[in-house]
Amino acid sequence: MENKSLKQIIANRHEKLDKIRQLGVNPYPYEFNITHSTLEITKDCIDQNVSVAGRVMSLRRMGKAAFANIQDEKGRVQLYIARDDVGEDNYNLFKLVDIGDFIGIDGIVFITKTEAITVKAEKVTILSKNLRPIPDVKEKDGEKYNSVSDKELRYRKRYLDMIINPETKDNYITRFKMINSIREFLNKNGYIEVETPVLQPVYGGANAKPFKTFHNALDQEFFLRIATELYLKQLIVGGFEKVYEMSKDFRNEGIDRSHNPEFTMLEFYQAYSDYNFMMDFVEEMLKKIAEDLDVKKISWDGNDIDLTKKFARKTMDELIKEHTGHSIDLTDIKAVFDVCKKLDLKVKKTDSLAKMIDEIMRRKVEPNLINPTYVMNHPVEISPLAKVNRDGDTDFTERFELFIAGMEFANGFSELNDPIDQRKRFEDQSAKKNSGDEEAFPVDENFLEAIEIGMPPTAGVGIGIDRLVMLFIDTRWIRDAIIFPTLKSLK
RNA sequence: GCCGACGUAGCUCAAUGGUAGAGCAGGGGCCUUUUAAGCCCUUGGUUGUAGGUUCGAGUCCUUCCGUCGGUACCA
């Protein structure tokens, strides 16, 4: 795997490591006292004594003196190391420094002939010896040369990506701030954060293929959760009135630019409220996030999105009429089928009504929902945990999905709390599963028993956190939002 | 899953089917205000893998591995 060229470089670094030790210096010392980060070295610091540390990213040696640039978490600063300033012994030690090493510098800030703010070293300390080369990226006028273009390397070795492309870190800082903002919002509103099992004996709460695993001592199969819904609702049964969980969920499905097998989901449930309340609440939450991140308009994938305006709320039949021009009775399967055909959609006569409606929504409506839009009132068949409409239309549910820039960001509903109806819905799911629908979920008797004990009227929402990050960092790739995305192992 | 593209030195890239190259990094020199530092010299390759076609394969064909893009699934 490692060929001669790389071996040669590594062997050379090991030799230098030995030489450092022979000089009586520990190449991996325990601490270094820093007075300034690289970005804190400014004109105001001129003539001041400072101590800075970071990874050596470039070296320009000129015999008895050298310039170097070190990089820390926030940025870079230039160093000037001259033999006559640091002394012969320290300069000999500095000769053993490579690009990639961590070093610490005690020195004085000055400005070079070319007006670059620079730390003139009085002492160089090796903080960690690099034994494996990092790609050497040159930069001029903000343009990078020899930058790593191999995406595989960037994903497999994210640390290299972060070293070479420090702006990569910004995505994860935004992610951190966003999650903080969400927690703040929910906590402020009286929510309790809980943790429910990742290992579940029966999976449910979403339609997805699960990962299976096995507990040896219990001699029992478990599933990695595909959702937290059924546990969180049990907590509402138990007496909590506002709960949330920020969870890693796992779905054993295809990987593409907006799907990763493990992903982060926020689910929250509030007793005594319905989906209308939750639409307001989610809207308020997103506006707060945008405010906390200081974002007013989002330019995402070429679309300008205005988060400050009121989110649109439209039922499926309204949206279908608006985007296809066809006004149809969504309970009339023949009418829906005919419209599908007129729209050139791939549907079969044997498909279910829900599938046909979904096909229209997915192909003709959702891609056009650029500014935030709540899609409401989904067919009951594809909403097994949602209450049917209160106006008596039992084919459709009090459910909403939030679309922004053609992508789904949230899914919520007035939670079904009628135990008898809920059992029937589970049985429908189970029947589908038995007839080959791999994404249908099985009957969860424990959950049904809890619902029989009684759950108050409740509304709940799930929000895909990774996708929300994608929105705020302006990327179409979930791999930019997940720091270590799932990749196939090399054999 | 399907379709397509790609895989050459540590990194970025060359090479009509005809001797595998360059820049940077690495090594040896010179060089005390450079910044893609510069100048001289220099090491480094089973061209992802295994086969095949051919006098001759980085290049053409097939297998496998991996990545990317699209598509399907993921309401």
Side-chain angles (χ1 to χ4, degrees), chain A residues 1-13 15-16 57-69 76-86 91 98-100 110-116 118 120 130 132-156 160 164 206-209 226 249 251-261 263 316 346 352 354-362 366 375 378-386 397 399 401 408 411 437-440 464 476-477 479 485 487-491:
Chain A
M1 195 167 132
E2 289 176 1
N3 62 37
K4 216 170 163 184
S5 167
L6 180 57
K7 272 185 182 162
Q8 206 176 49
I9 296 170
I10 290 172
N12 184 262
R13 304 264 156 125
E15 269 173 42
K16 288 182 183 172
M57 296 302 288
S58 64
L59 263 178
R60 296 175 290 285
R61 295 188 187 272
M62 299 171 295
K64 296 180 188 66
F67 284 92
N69 289 77
R76 288 188 180 195
V77 70
Q78 177 169 268
L79 311 174
Y80 178 67
I81 299 108
R83 191 194 61 181
D84 292 348
D85 295 325
V86 299
Y91 198 74
D98 288 297
I99 290 173
F110 78 111
I111 289 202
T112 64
K113 279 183 199 166
T114 53
E115 299 198 331
T118 302
K120 184 187 284 190
N130 162 290
R132 188 177 284 271
I134 61 172
D136 61 305
V137 178
K138 307 273 179 171
E139 211 171 326
K140 189 190 184 182
D141 302 329
E143 201 175 335
K144 284 185 181 175
Y145 299 81
N146 292 355
S147 187
V148 174
S149 62
D150 182 354
K151 284 188 183 169
E152 183 176 358
L153 185 143
R154 296 183 62 179
Y155 297 141
R156 278 192 202 282
L160 279 180
I164 296 156
N207 292 87
K209 279 177 255 175
I226 57 172
D249 291 357
R251 297 186 182 177
N252 207 339
E253 281 156 0
I255 297 175
D256 64 26
R257 68 169 198 270
S258 59
H259 294 85
N260 198 64
F263 60 101
M316 283 194 161
K346 281 179 280 177
S352 69
K355 187 178 162 63
M356 292 178 194
I357 294 172
D358 186 50
E359 195 65 16
I360 302 174
M361 290 300 297
R362 183 196 296 216
E366 289 167 9
V375 176
H378 299 58
V380 65
E381 188 187 333
I382 55 169
S383 312
L385 299 161
T397 56
R399 176 176 173 187
E401 287 180 305
E408 184 198 333
N411 176 26
D437 183 347
E438 287 183 282
E439 269 113 35
R476 295 167 62 221
W477 285 272
R479 282 176 169 176
L487 289 182
K488 191 155 184 169
S489 298
L490 298 173
K491 281 183 183 163

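Naming: A, B, ... by sequence-line order, numbering from 1 per chain.
- The distance between atom CG of A:Asn12 and atom P of B:rG44, rounded to the nearest whole Å, is 15 Å.
- Base pairing of B:rG21 is made with B:rC13, judged by Watson-Crick or G-U wobble geometry with both donor-acceptor distances under 3.5 Å.
- The base of B:rA36 lies outside donor-acceptor range of the side chain of A:Arg60, with no N or O pair under 3.5 Å.
- Listed by chain and number, the residues in a side-chain hydrogen bond (donor to acceptor under 3.5 Å, both in side chains) with A:Arg83 amount to none (sequence neighbours excluded).
- Using the Watson-Crick or G-U wobble rule with both distances under 3.5 Å, B:rC31 pairs with nothing in any strand shown.
- Considering only side-chain atoms of A:Trp477, the nucleotide from B:rG69, B:rU43, B:rU35 that sits closest is B:rG69.
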Response to the item:
In 5'-to-3' order, the base (B), backbone-only (S) or no-contact (-) status of each nucleotide in nucleotides 20-25 of chain B, using a 4.0 angstrom heavy-atom cut-off, is ---BBS
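- With sequence neighbours excluded, no residue forms a side-chain hydrogen bond (donor to acceptor under 3.5 Å, both in side chains) with A:Glu366.
- For the P atom pair drawn from B:rC39 and B:rC24, the interatomic distance equals 8 Å after rounding to whole Å.
- For A:Arg251, there are no side-chain hydrogen bond (donor to acceptor under 3.5 Å, both in side chains) partners at least two apart in sequence or on another chain.
- Nucleotide B:rA5: paired with B:rU67 (Watson-Crick or G-U wobble, both distances less than 3.5 Å).
- The base of B:rU34 is paired with the side chain of A:Gln78 by a donor and an acceptor separated by under 3.5 Å.
- Applying the side-chain hydrogen bond (donor to acceptor under 3.5 Å, both in side chains) rule to A:Ser149 yields no partners; only residues at least two apart in sequence or on another chain are considered.
- When atom types are taken as modelled, the side chain of A:Thr118 and the backbone of A:Ala116 share a donor-acceptor pair closer than 3.5 angstrom.
- Pairing for B:rA36 is absent, with no Watson-Crick or G-U wobble pair whose two atom distances lie under 3.5 Å.
- One interatomic measurement links the two molecules: CG of A:Asp85 to P of B:rU34, which rounds to 16 Å at whole-angstrom precision.
- Scored by the salt bridge (Lys or Arg N to Asp or Glu O under 4.0 Å) test, A:Asp136 finds no partners at all (sequence neighbours excluded).
- Pair assignment for B:rG26: B:rU42, on the basis of Watson-Crick or G-U wobble contacts that are both within less than 3.5 Å.
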What protein N or O atoms touch nucleotides 1-6 of chain B N or O atoms at under 3.5 angstrom, if any, and at what distances?
none

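- Within the 3.5 Å criterion, the main-chain N or O of A:Val137 finds no donor-acceptor partner in the side chain of A:Ser147.
- In this structure, the salt bridge (Lys or Arg N to Asp or Glu O under 4.0 Å) partners of A:Arg156, at least two apart in sequence or on a different chain, are A:Glu152.
- A:Arg61 comes within 4.0 angstrom of a base, heavy atoms only.
- In this model, no side-chain donor or acceptor of A:Thr114 finds a partner on the base of B:rU33 within 3.5 Å.
- Checked against ring-ring contact (aromatic ring centres under 6.0 Å, His included), A:Tyr91 has the following partners two or more places apart in sequence or in another chain: A:Phe94.
- Rounded to whole Å, atom C1' of B:rG26 lies 12 Å from atom CD of A:Glu15.
- Backbone-only engagement by A:Arg476 is indicated by non-hydrogen atom pairs under 4.0 Å involving sugar-phosphate atoms exclusively.
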